[in-house]
Amino acid sequence: PPGTVGSISHKGDIGVAVVGRASAVLAIGVDLESLGPRRLDIGARIAVPEERPWLEANGERGTRMLFSAKESVYKALAPLVGRYIGFREAALHWDEGRQLFRVHMAGTWALPDGLLDRLVVRVSCTAHHVLTVAVSLGTATP
């Protein structure tokens, strides 16, 4: 609805939704991924060179976290830019102390002032799932 931003995701019988007031949240995207066996090694397809050492150190769980985080970034930014955003357009840097990814976008972006400066991806893992939320708050550092 007007005045709100939001995103949804689902895996199997679990669904999640996030929503915020557009006056406070510039962008938001959510993704949910399963931690079960994967048929393909997607790390090489989604990672930019500076992410690869982190992926190697964090194995399959790290690959799922990175994939989910990039999906969340896409969901947060695509409605604002009106186009597909590829996995390699975002470089994510893990902040262990805050349990989040800092986001750096390649290229030039026509986005609201400060959106990319404050865009982070929060991560939560359970034994079976990875949940990520990409958010850029309009008034405060996330």
**Study point:** Heavy-atom check, side chain of Val130 versus side chain of Thr132, under 4.5 Å
**Key:** yes
**Study point:** Lys/Arg N to Asp/Glu carboxylate O, Glu51 vs Lys70, below 4.0 Å
**Key:** yes
Check your understanding: Is the side chain of Arg102 donor-acceptor paired with the backbone N or O of Val120 at a distance under 3.5 Å, no angle test?
Key -> no
Review point. Closest heavy-atom contact between Ala47 and Arg88?
Key: O-NE, 3.6 Å
Exercise for review: Describe, in one word, how the ring planes of Trp94 and Trp54 are oriented to each other, choosing from parallel (under 30°), tilted (30 to 60°) and perpendicular (over 60°).
Suggested key: tilted
Practice item. Would you check if Ser124 and His129 make a side-chain contact, meaning some heavy-atom pair closer than 4.5 Å? Key: no
Practice item. Inspect the contact between Arg64 and Glu60 and indicate whether a charged nitrogen and a carboxylate oxygen are less than 4.0 angstrom apart. Key: yes
Check your understanding: How about Val16 and Val133: do any of their side-chain heavy atoms sit closer than 4.5 Å?
Key -> no
Review point. When hydrophobic residues are tied together by side-chain contacts of less than 4.5 Å, even through go-betweens, does Ile28 share a cluster with Ile8?
Key: no
Exercise for review: Heavy atoms only: give me the nearest Glu89-Gly86 pair and the separation to one decimal.
Suggested key: OE2-N, 2.7 Å
Review point. Do Met65 and Cys125 touch side chain to side chain, with heavy atoms closer than 4.5 Å?
Key: yes
Revision key, fill the gap. Here the pair of heavy atoms bringing Leu32 nearest to Ser68 is N-OG, 4.3 Å
Point to revise | Carboxylate-amine/guanidinium contact Arg61 Glu33, below 4.0 Å | key: no
**Study point:** CD1 on Ile42 to CZ on Phe67, rounded to 0.5 Å
**Key:** 5.0 Å
Check your understanding: Among the clusters formed by ILVMFWY side chains lying less than 4.5 Å apart, do Val48 and Leu100 turn up in the same one?
Key -> no
Revision key, fill the gap. What one should report as the nearest heavy-atom pair of Ile46 and Thr63 is CD1-O, 4.1 Å
Point to revise | Shared hydrophobic cluster, Leu131 / Ile14 (ILVMFWY, side-chain heavy atoms < 4.5 Å) | key: yes
Revision key, fill the gap. The reported gap from CG in Leu77 to CG in Leu119 (rounded to nearest 0.5 angstrom) is 5.5 Å
Review point. Thr126 versus Leu35: any side-chain heavy-atom pair under 4.5 Å?
Key: no
Check your understanding: Would you say the side-chain atoms of Ser7 pair up with the backbone N or O of Gly29, donor to acceptor, closer than 3.5 Å?
Key -> no
Review point. If you look at every heavy atom in Ala76 and Ala27, which pair is closest and at what distance?
Key: O-CB, 3.7 Å
Check your understanding: Taking atom NE2 of His128 as the centre, does the number of heavy atoms from other residues, nucleotides or ligands within less than 6.0 Å exceed 12?
Key -> no
Exercise for review: Let me know which of His93, Arg98, Gln99 forms a side chain to side chain contact (heavy atoms under 4.5 Å, CB included) with Asp95.
Suggested key: Arg98
Exercise for review: Write down the atom of Met105, the atom of Val73, and the distance for their closest heavy-atom approach.
Suggested key: SD-CG1, 4.0 Å
Practice item. Can you spot which of Leu66, Val103, Val30, Asp31 makes a side chain to side chain contact (heavy atoms under 4.5 Å, CB included) with Val121? Key: Val103
Practice item. Look only at the side chain of Arg21 and the backbone of Thr4, and say whether a donor-acceptor pair between them is shorter than 3.5 Å. Key: no
Exercise for review: Group every Ile, Leu, Val, Met, Phe, Trp and Tyr by side-chain heavy-atom contacts under 4.5 Å, then state whether Val81 and Leu116 land in the same group.
Suggested key: yes
Check your understanding: Do Tyr74 and Tyr84 have side-chain heavy atoms sitting under 4.5 Å apart?
Key -> yes
